[in-house]
Number of protein chains: 2
Amino acid sequence: MLKIADRIAQLGTETAFAVSGEAAVFAQAGNKVYPFHLGDINLPTPGTVIEGSMKAIQDGKTGYCPNTGIPQLREVLAEDINAARGTHYTMENIAIQPGGKPTIGKFIMALMNPGDEVLYPNPGYPIYESQIEFHGGVAVPYTYCEGKDNFEFDMDALEKSITSKTRLLILNDLQNPMGAECNDAEFGRLAELVLQHDLYVLCDEAYFDMRYEGKSKSFASMPGLEERCVILYTFSKKFAMTGWRLGASVGPKEIIEVIAKINVNDESCSNHFIQYGAIAGLTGDQTEVKAILQTLKDRRDAAVDILNSIDGITCFRPNATFYLFPNVTGLMQRKAIDDYESLRKTVLHETGVSFCTRLHFGRPLPDEKTFYIRLAYSGIDLDQIAEGLGKFKNWAA
Amino acid sequence: MLKIADRIAQLGTETAFAVSGEAAVFAQAGNKVYPFHLGDINLPTPGTVIEGSMKAIQDGKTGYCPNTGIPQLREVLAEDINAARGTHYTMENIAIQPGGKPTIGKFIMALMNPGDEVLYPNPGYPIYESQIEFHGGVAVPYTYCEGKDNFEFDMDALEKSITSKTRLLILNDLQNPMGAECNDAEFGRLAELVLQHDLYVLCDEAYFDMRYEGKSKSFASMPGLEERCVILYTFSKKFAMTGWRLGASVGPKEIIEVIAKINVNDESCSNHFIQYGAIAGLTGDQTEVKAILQTLKDRRDAAVDILNSIDGITCFRPNATFYLFPNVTGLMQRKAIDDYESLRKTVLHETGVSFCTRLHFGRPLPDEKTFYIRLAYSGIDLDQIAEGLGKFKNWAA
C-alpha cells in the first residue's frame with residue numbers, strides 16, 4: 001500500500017502557482033487576463049548570453065562540468081560580486097547552482113539541525129518556511145511595518161524573538177513581496193545581533209541588481225560578516241534568464257564545500273554550456289541588461305501611479321525588485337470584502353486583473369489588521385499595465 | 001562558531017571525482033592519460049537536439065516553465081517510454097528533472113521514513129547508499145556474482161536480507177558498474193518478492209537505451225508493478241547530453257505529485273528551452289543517435305578483446321551500458337599488489353591508464369575475495385583505447 005513518507009507533510013509549496021492556474025483557466029474560457037501574479041520576466045535574454053551559450057555548444061561544452069561549476073565562471077563571478085559589494089571572494093567561495101532557489105535548501109541542510117530556530121521574513125518568499133520545516137527546524141517569522149517611504153524592518157520584534165536556539169537568519173534585503181530594504185542603521189543593528197548571538201545568515205540577493213535608484217548594499221560586506229553569510233546569487237533576473245536555471249551559492253569556503261557535496265548528490269552539476277553564456281553576460285556589452293532595467297522602471301512608475309489614484313489603496317514606490325505590495329485595507333472596507341481570496345477572485349473575474357495576495361507569502365501572523373496584495377510588473381507590458389489597472393480602478397470606483 | 005549540521009556526516013559522495021582529479025594532475029605534469037575513469041561521453045549531442053533548443057530560445061522559451069516540465073515533452077516522453085517498455089504512462093506520470101540523478105534523492109525523500117530499510121546494489125552507483133543514509137534510512141546491500149556470460153543477481157542473498165522493515169528496492173538493471181542485467185526468471189522472482197513484501201521500487205534505467213544486442217526490458221512493465229515503480233529516465237546517455245542536465249521521474253501519479261512538490265522547493269523547474277530540444281531528439285531523425293551506439297559498441301569490443309588477452313584478467317562483454325568490470329584478481333596476485341589503490345595508482349603512473357575500482361561503487365562487503373576494476377569506454381576514442389590498453393597489457397606482462 002502506498003504510504004508517502006512522513007516528512008512530506010512538512011513540505012510547503014508556492015501557492016502562487018494555483019493563482020497562475022486559475023488565471024490560465026479564466027483565459028482559456030476566452031477572457032482577457034492581465035498577469036500581475038507572475039514573478040517571471042517577459043523580456044528576451046540578452047544576445048550576449050545567447051551567443052556565448054551557442055558558441056559553447058559548438059565548442060563541445062556538452063559533457064559534465066565540475067560540481068561547483070567551471071572555474072572560469074567562478075572567477076568572473078567572484079570579481080563581479082566583489083566589485084558590486086566590496087567583498088573579498090575567490091572562486092573557492094562559489095558553487096554554481098541550477099538557479100537561485102537551490103541555495104535555500106542547501107544552506108539549510110548544511111547548517112541547521114532539527115530543532116534549531118531560524119528567523120525568516122514573513123510576508124516573504126514561501127520556500128523559506130517550507131524548507132526550514134521540511135528539514136526539522138523551527139521557522140520563527142519576523143516582519144516589516146509601513147514606514148514613510150517604504151516598509152521597514154520591525155527590529156524590536158525581531159530582537160525579542162531571538163532565543164538560545166536561534167541559529168540562522170534568512171535575510172531577503174530588496175525583498176519579495178514588499179520591496180523593503182534595510183538602511184545603514186538597520187544593517188548595523190542586524191550585524192550586532194548576528195555577531196552577538198553567533199548566527200549564520202542566508203542573504204537572498206536575488207534582486208540585488210534589480211535597482212532603479214540608489215545603490216544596493218550586501219549584508220555580507222559588513223565587518224566580520226563575510227564569514228557568516230551565504231549569498232544566494234541568481235542570473236535569472238538581471239539577465240532575464242528565469243527559464244535557463246543558473247545561479248550560485250557564495251560564502252565561506254567550509255560551507256561551500258558542504259554545498260558542493262550536496263551538489264554531487266542532488267544534480268551532479270549545473271548545465272555546462274550556459275555557464276559560458278553567463279560569462280559572456282557578465283563581461284560583455286551591458287546595453288541590453290540596462291534596457292531591461294529601464295523597461296521595468298517605466299512599468300513600476302506606471303503601476304504605482306495608477307494604484308495610488310485608487311480610493312482605498314496606498315502603494316510605496318520601491319527602488320528595487322519588480323514587485324508592489326499595496327495596502328488595500330480601505331478598498332476592502334469600501335467593497336465590504338473581508339477576505340483575501342474573495343478579493344482576488346472577484347477582481348480576476350470582473351476585470352481580468354490577476355494578482356497574488358499576502359496569503360501567498362507565508363502563513364499569516366496573529367493579529368494582522370491591514371490587507372495587502374502583491375503585483376509583479378515583470379511579466380506584463382506597459383500598455384497592458386495601464387489597461388488592466390484602469391479596469392481595476394473602474395471596478396474599485 | 002561554524003558548526004556544520006549533523007546530517008552532513010551521513011552524506012556520501014562520488015569518490016570517483018578524486019580519480020578524475022588525480023588524472024588531471026598527472027596530465028598537467030606533461031603525461032599522457034587514457035581516461036577510462038569517466039562516465040561522461042566524448043561525442044557531440046545530435047543536431048536535432050541542438051537545433052530544437054536553439055529554435056526554442058529564438059521563440060522566447062526562456063522564462064519559467066511548469067515545475068513538472070512542459071506538457072508537450074511529458075506527452076512525447078510518455079509515448080516513447082510506453083513504446084519501448086509496454087507501459088501505460090500519460091503525461092501525469094512524468095515530472096521532468098534537471099538530469100537523471102535528482103530522481104534518486106526525490107524518490108527516497110518521497111517514500112522512505114527514517115529507519116526504513118532499502119535494498120540497493122553494491123557494487124553500484126554510490127549515490128544510492130549516500131542518499132539512503134543521508135535521509136535516515138538503513139542501506140541494505142545486495143550483490144551480483146559471476147555467471148557464465150555476465151554478472152548475475154545473487155537472489156538467495158537478496159531474499160535473506162528482506163525483513164519486516166524493508167520498504168524500498170533500488171534496481172539498476174543494465175547496471176553501473178557491472179553491466180549486469182536480469183533475465184526473465186530473475187525479473188519474475190523479483191516481482192514476486194516486491195508484491196509479497198509490499199515494496200516500492202526505484203528503477204534506475206539510465207542505460208536502458210545504451211544497448212548493443214537484444215532488447216531492454218523494464219521491471220515496471222511486469223504485471224502489477226507499474227503502480228510500484230518509479231523509473232529514473234535520463235536524456236544524458238542516449239543523446240550524449242550529460243552536460244545539458246535533463247531527465248525525468250516516471251511513476252504513479254500520487255508519487256509524481258509529491259516529487260513535483262519537491263521540484264517546487266528545490267529548483268522551481270528544469271531548463272525550459274532544452275525541453276523543446278529533447279522533443280526534437282525523441283521525434284526527429286535518429287541517425288546520429290544510432291551512430292552514438294555504434295561507436296560505443298566498437299569501443300566495447302576493442303576494450304574487451306584486449307583486456308581478455310591480458311594474463312590474470314577476465315572480462316565479460318555486457319550487451320548494455322558503457323562500462324566494463326573486469327576481474328583482476330589473477331593480475332594482482334601475479335604483480336603482488338594486494339590493495340585497490342596501489343593497483344590504480346601504479347597503473348596510472350606507469351602507463352597513463354586511468355580507471356576506477358570496486359572501491360568507488362559503495363562500501364565493500366565483508367569477505368570479498370575477488371578484485372574488480374571499472375573501465376568506462378564512453379569518454380575515450382577507439383585508437384586511444386587500443387594504445388592505452390596496449391600499454392596496460394605490456395605493464396601486466
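Reminder, nothing fancy here: chain letters follow the sequence lines and each chain counts from 1.
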| field | Residue pair N113(B), K3(A): steps toward the side chain to side chain contact (heavy atoms under 4.5 Å, CB included) verdict | value | CA-CA 10 Å; N113(B) 279 321; K3(A) 277 184 284 189; over 6 Å; no
(request) Would you check, one step at a time, whether the test side chain to side chain contact (heavy atoms under 4.5 Å, CB included) holds for I262(B) with I8(A)? (result) CA-CA 9 Å; I262(B) 299 175; I8(A) 299 299; 4.2 Å; yes
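With respect to chain B, the highest number of heavy-atom pairs below 4.5 Å among S270(A), P114(A), P102(A), G63(A) belongs to G63(A). Across G12(B), G105(B), A240(B), the residue that shares the most heavy-atom pairs under 4.5 angstrom with chain A is G12(B). Ranking Q131(B), K61(B), Q97(B) against chain A, the residue ahead of the rest is Q131(B), based on heavy-atom pairs under 4.5 Å. Chain B forms more heavy-atom pairs under 4.5 Å with one residue of L2(A), T13(A), L43(A), T45(A) than with any other, namely L2(A). Residue with the most contacts toward chain A among T103(B), D40(B), I127(B): D40(B) (heavy-atom pairs, distance under 4.5 Å). For chain A, the option among K261(B), M241(B), H272(B), R228(B) with the highest count of heavy-atom pairs below 4.5 Å is K261(B). When the candidates G100(A), P252(A), A5(A) are compared by the number of heavy-atom contacts under 4.5 Å with chain B, A5(A) comes out ahead. When C269(A), G99(A), P66(A), P44(A) are compared by the number of non-hydrogen pairs under 4.5 Å with chain B, C269(A) comes out ahead. Listed options E14(B), M54(B), M109(B) were ranked by heavy-atom pairs under 4.5 angstrom with chain A; first place goes to M109(B). Chain B forms the most heavy-atom pairs under 4.5 Å with one residue out of T242(A), L38(A), L111(A), D6(A), and that residue is T242(A).
H135(B) NE2 to H135(A) NE2: the interatomic distance, rounded to the nearest 0.5 Å, is 7.5 Å. For the atom pair CG (D266(B)) and CZ (F134(A)), the distance works out to 8.0 Å, reported to the nearest 0.5 Å.
Proximity of I41(B) to T62(A): side-chain heavy atoms (C-beta onward) are nowhere separated by under 4.5 Å.
When heavy atoms are compared at a cutoff of 4.5 Å, C65(A) does not approach chain B at all. Interface remark: L11(B) contributes backbone and side-chain atoms alike to the contact with chain A (heavy atom separation under 4.5 Å). Contact of I108(B) with chain A is made through the backbone alone, with heavy-atom distances under 4.5 Å. Interface residue I50(B): only side-chain heavy atoms are found under 4.5 Å from chain A. For a residue to count as touching a neighbouring chain, one of its non-hydrogen atoms must lie under 4.5 Å from one of that chain's; by this rule N67(A) touches chain B with the side chain only. For a residue to count as touching a neighbouring chain, one of its non-hydrogen atoms must lie under 4.5 Å from one of that chain's; by this rule D198(A) touches chain B with the side chain only. Interface residue Y64(A): backbone and side-chain heavy atoms are both found under 4.5 Å from chain B. With a 4.5 angstrom heavy-atom cutoff, N265(B) touches chain A via backbone and side-chain atoms both.
Panel note: side chain K101(B), backbone V264(A); a donor-acceptor pair is recorded below 3.5 Å.
Across every non-hydrogen atom of N271(B) and W244(A), the tightest pair is ND2-O, 3.2 Å. For the pair S268(B) and R245(A), the tightest heavy-atom approach, listed with the atom from each and the gap, is CB-NH2, 3.8 Å. Nearest heavy-atom pair across R167(A) and M1(B) is NH1-O, 4.4 Å. Nearest heavy-atom pair across M112(A) and R7(B) is O-NH1, 2.6 Å.
Atom CD of E92(A) sits in a sparse spot, with 12 or fewer heavy atoms from other residues, nucleotides or ligands closer than 6.0 Å.
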